[in-house]
Amino acid sequence: MPTDAVVSNFIRSIIDEDNRTGKWNQRVETRFPPEPNGYLHIGHAKSICLNFGIAHDYNGVCHLRFDDTNPEKEAQEYVDAICENVAWLGFDWGEHLHYSSDYFDQLYAFAEYLITQGKAYVESLTADEIREQRGTLTSPGQNSPYRDRLPDESLDLFRCMKAGEFPDGKYVLRAKIDMASPNMNMRDPVIYRIRHIHHQRTGDQWCIYPMYDYTHCISDALEKITHSLCTLEFEDHRPLYDWVLDQLEGKVPCHPQQIEFARLNLTYTVMSKRKLIELVESDLVDDWDDPRLSTLAGVRRRGYTPKSIRQFIERIGVSKADSWIDVSVLEDCLREDLNESAPRRVAILRPLKLIIDNYPEDLEEDCFAPNHPKKPEWGKRVVPLSKTLYIERDDFMEEPTKGYFRLSPGAEVRLRYGYIVKCVAVDKNAVGEIEAIHCTYDAETKSGTEGATKRKVKGNIHWLSVKHAQPAEVRLYDRLFSDPYPDSGDKDYKTSLNPDSKEIITAYLEQSLCDAEPEQAFQFERNGYFIADRIDSKPGKPVFNRAVTLRDSWGKVDAGV
RNA sequence: UGGGGAGUCGCCAAGUGGUAAGGCACUGGAUUUUGAUUCCAGCAUACGUAGGUUCGAUCCCUACCUCCCCAGCCA
């Protein structure tokens, strides 16, 4: 059991009960079964964390199994990316890397067995005819004229299918169950189809491929999975899962239990594979790992840590109720992690010049900034101060609104880790835009000296010496959609794209940030958490992505919320 | 109008016959050289609706309402 208090959920209750009755001899074995036909997204993270997390908590193991039964859509590229994502999230499948295609021989042998038992038959109808005879939600289907084909004849045909004697679609193998079942999945489902396609792992060895419903349950059983977790839409596939394994009782090692949970829905994003593909292919985002995307590659590049994602999945829990999680919950989990782990640095995103009129022209002074406010053991670094500085434009208001306590004409603030300054003048250009502001400083108030505590000012702003500041590309990301439910109804989700979801700026950084390693995260004080882009950063020349802003209670007040 | 699921605080989510956990959000207040963090306090007479059983119901029964999933030779 993990050290953190684990909240009970319906899946754990089932396992606890199984352990109590000894159903599996205290064994817990799960699996994460992606189809390698696309990139993983944050919704998959729920399944990954659930499967690996439960196995870990119950001293069991979790397999990574690629459900690769449809070579038409699958590719090695996806297998590699998925492995990388799962490992990145912090999970280890050890020796349990499996593929459904590992079981093609056994799957085939079981199919022959089903035929000999009169539980499956070769169908001669076309796909269209099968559809027509399947019936509807409210009316039963009708039996195929080939349903009572003799087992020997079916077996013969099936062997010829395997031998490549027929073109795609000519025949299909169907389970013989019940065409009148109110559950559509039980109306003699197709379990094998002919596909003369090269498979990324088995090559041209096969030209018939098994279907999901037939493959998944048997793969689970062969791997001795105990609890087979999947999402809600497979709930009415469970009778079929159980039917197949019931026919094979004694021939497979066990009969795993399928348990369904609600999939993750996140606001302000889309999760479906189709829409993700569309966004990428129509260049609405940069690529699969665009930091605005909910793909795991995307959130990683955005700056999300594996720990923050695991925390998120733990926080949202698991149940069978359809639910929408607000993306702010995800963002909070990142803040929680990075608040602890990210060193503090100074960066000016939108610079405004501040000149200290009474500061000596050539003087440079060292100011000492702690690397983390709560961790003195992390030490301090030197930030040089001089006469001309950059501050954030937001930290000055010529006509301050009520409650604003940063810089404005006549007002005093502390230059963080430096002196208290007072605004004495504003420079404007010909069209009235503010170009610089002038301050005087109180030489008695330097941080770290005795005088620092004599006077208190409420405002506290960050700054950088102009001559020391380093320009760098910084990408400010925001939510990809401006509608919390871009997917809902019949509106086109592409119409609710947020036009301001990506802004590229040249910001100024303190010197030490130039040494940032790719994927190193920092808190830019009073701004947010930023990560050195893992792709575009060059030695000595980092590019930063804003992963998430700091919480900002003033922003809410200011916006009149 | 067939079948399978779900409805507990703004968002998640426990509890399942004995009088509503927890988290997040939110609201106060304290601390703070990040309007951050941290801390402390508050936050469902109420469990989709209506009946019924019971000393007692979110939990059992009945009816109803709402939402989700299913008619791929996809997974």
Side-chain angles (χ1 to χ4, degrees), chain A residues 5 7-10 13 33-35 37 67-70 72-74 123 125-128 130-132 134-141 168-174 181-187 189-195 209 211-213 215-216 230-239 260 262 267 273 314-326 328-329 332-333 335-336 339-340 344 346 369-370 372-374 403-406 413-418 420 447-448 452-453 456-462 523-528 549-558:
Chain A
V7 288
S8 103
N9 64 50
F10 77 102
S13 300
E35 182 189 12
N37 70 343
D67 220 338
D68 56 349
T69 58
N70 186 2
E72 222 168 329
K73 300 182 181 172
E74 297 154 6
E123 173 65 272
L125 258 27
T126 66
D128 284 343
I130 289 176
R131 191 181 318 114
E132 280 161 24
R134 186 150 29 220
T136 69
L137 295 179
T138 50
S139 62
D168 290 3
K170 175 79 176 167
Y171 295 105
V172 96
L173 184 68
R174 290 231 253 174
S181 172
N183 181 343
M184 300 295 291
N185 296 302
M186 300 299 267
R187 320 245 262 228
V190 171
I191 58 177
Y192 263 94
R193 77 285 218 187
I194 301 172
R195 277 296 108 92
Y209 292 97
M211 302 285 289
Y212 166 84
D213 285 306
T215 308
H216 202 89
C230 63
T231 43
L232 251 28
E233 66 268 28
F234 290 101
E235 214 151 16
D236 43 14
H237 289 241
R238 183 164 15 103
E260 311 85 11
T267 58
K273 240 170 223 178
E314 192 176 311
R315 185 168 291 181
I316 62 175
V318 58
S319 73
K320 299 189 69 155
D322 292 315
S323 63
W324 281 87
I325 309 294
D326 197 281
S328 66
V329 177
D332 270 327
C333 290
R335 292 189 183 104
E336 188 175 300
N339 178 48
E340 273 302 306
R344 312 289 126 122
V346 177
H372 191 114
K374 297 277 170 60
Y404 185 82
F405 55 70
R406 281 111 91 178
V413 297
R414 172 173 292 282
L415 296 175
R416 206 161 158 69
Y417 314 125
I420 291 176
S447 291
T453 50
K456 286 268 183 199
V457 287
K458 193 156 192 203
N460 196 300
I461 67 174
H462 61 284
Q523 185 197 92
F524 290 179
E525 294 197 38
R526 303 211 306 131
N527 268 318
T549 61
L550 250 32
R551 289 179 64 181
D552 178 16
S553 51
W554 167 250
K556 288 180 196 165
V557 175
D558 197 32

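What you see is a predicted model; the values in this text were computed from it and never measured. The chains referred to below are lettered A, B, ... by the order of the sequence lines, with proteins before strands, and numbering in each begins at 1.
- Distance CD1 (A/I130) to P (B/C74): 11 Å, rounded to an integer number of Å.
- Residue A/G448 is in base contact, counting any heavy-atom pair closer than 4.0 Å across all strands shown.
- The CD atom of A/E72 lies 5.5 Å from the CZ atom of A/R195; values are rounded to the nearest 0.5 Å.
- Contact between A/R335 and A/T549 at its shortest, heavy atoms only, is NE-O, 2.7 Å.
- Counting any heavy atom pair closer than 4.0 Å across all strands shown, A/S181 reaches no nucleic acid atom.
- Across all strands shown, B/U49 is found opposite B/A63 as a Watson-Crick or G-U wobble partner, with both distances under 3.5 Å.
- Set against B/A75, B/U1, B/A6, the side chain of A/Y212 has B/A75 as its closest nucleotide.
- The nearest whole Å value for the distance from the CD atom in A/E35 to the C1' atom in B/C74 is 7 Å.
- Comparing B/G48 with B/C40, their C1' atoms are spaced 37 Å from each other, to the whole Å.
- For B/G15, the O4'-C1' to base torsion is more than 90° from 0; the nucleotide is therefore anti.
- Base pairing annotation: B/A13 forms no Watson-Crick or G-U wobble pair, as no partner gives both donor-acceptor distances under 3.5 Å.
- Remark: A/R174 is not in phosphate contact with B/C73, judged by side-chain N or O atoms under 4.0 Å from OP1 or OP2.
- A sub-4.0 Å separation between OP1 or OP2 of B/C12 and a side-chain N or O of A/S319 is absent.
- Rounded to an integer number of Å, the gap from NE2 of A/H462 to P of B/A36 is 15 Å.
- Under 4.0 angstrom from either OP1 or OP2 of B/G35 there lies no side-chain N or O belonging to A/R551.
- Of the nucleotides present, B/C26 is the one that pairs with B/G42 by Watson-Crick or G-U wobble criteria, both distances under 3.5 Å.
- Spacing of P atoms, B/U58 relative to B/C47, comes out at 7 Å, to the nearest Å.
- Between A/T69 and B/C74 there is no side-chain N or O to OP1 or OP2 distance below 4.0 Å.
- Taking the P atoms as reference points, B/C24 lies 9 Å from B/U38, given to the whole Å.
- When the P atom is compared between B/C68 and B/A30, the two are found 47 Å apart, to the nearest whole Å.
- Summarising the geometry, atom OG1 belonging to A/T136 is positioned 7.0 Å from atom CE belonging to A/M184; distances are rounded to the nearest 0.5 Å.
- Checking the phosphate oxygens (OP1, OP2) of B/G72, a side-chain nitrogen or oxygen of A/R134 falls inside 4.0 Å.
- The NZ atom of A/K170 sits 10.5 Å away from atom OG1 of A/T126, with the distance rounded to the nearest 0.5 Å.
- Only one option out of A/D68, A/N70, A/T69 pairs with A/E35 in a side-chain contact (heavy atoms from CB on, under 4.5 Å); it is A/N70.
- Atom CZ in A/R344 sits about 11 Å away from atom P in B/U34, given to the nearest Å.
- Counting to the nearest Å, the C1' atom of B/A75 and the CG atom of A/N185 are 12 Å from each other.
- When heavy atoms are screened at a 4.0 angstrom cut-off, A/V318 is found touching the sugar-phosphate backbone but no base atom.
- Classification of the A/Y212-A/F234 ring pair by plane angle, with boundaries at 30° and 60°, yields tilted.
- Note on A/D67: only backbone sugar-phosphate atoms sit closer than 4.0 angstrom, heavy atoms only; bases stay farther off.
- Using a 4.0 Å heavy-atom distance criterion, A/P373 is classed as a base contact.
- Pairing of B/U34, defined by two Watson-Crick or G-U wobble distances under 3.5 Å, is not identified with any nucleotide.
- Among the heavy atoms of the strands lying under 4.0 Å from A/A127 is at least one base atom, whether or not backbone atoms are also near.
- Nucleotides B/A36 and B/C43 are separated by 24 Å at their P atoms, to the nearest Å.
- Comparing B/A46 with B/G7, their C1' atoms are spaced 15 Å from each other, to the whole Å.
- Spacing between atom CG of A/L137 and atom P of B/G2 amounts to 10 Å, rounded to whole angstrom units.
- Between B/C26 and B/U62, the two P atoms lie 43 Å apart (nearest whole Å).
- A side-chain N or O of A/S328 and one of A/D326 form a donor-acceptor pair less than 3.5 Å apart.
- For B/U34, neither phosphate oxygen OP1 nor OP2 lies less than 4.0 angstrom from any side-chain nitrogen or oxygen of A/R414.
- Using a 4.0 Å heavy-atom cutoff across all strands shown, A/R195 reaches at least one base atom of the nucleic acid.
- Rounded to whole Å, atom C1' of B/U16 lies 16 Å from atom CZ of A/F10.
- With a 3.5 Å ceiling on both atom-pair distances, B/C74 lacks any Watson-Crick or G-U wobble partner.
- What separates CD of A/E233 from C1' of B/C70 is a distance of 11 Å, to the nearest Å.
- An aromatic stack links A/W554 and the base of B/G35, using centre distance under 5.5 Å and interplanar angle under 30°.
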Point to revise | Candidate pair A/I461 and A/L415, rule side chain to side chain contact (heavy atoms under 4.5 Å, CB included), full reasoning | key: CA-CA 5 Å; A/I461 67 174; A/L415 296 175; 4.1 Å; yes
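- Within the nucleic acid shown, A/F405 comes within 4.0 Å of at least one base atom, counting heavy atoms only.
- At a threshold of 4.0 angstrom between heavy atoms, the contacts of A/E72 with the nucleic acid are absent.
- Atom name P, nucleotides B/A21 and B/U27: the rounded distance is 24 Å, in whole Å.
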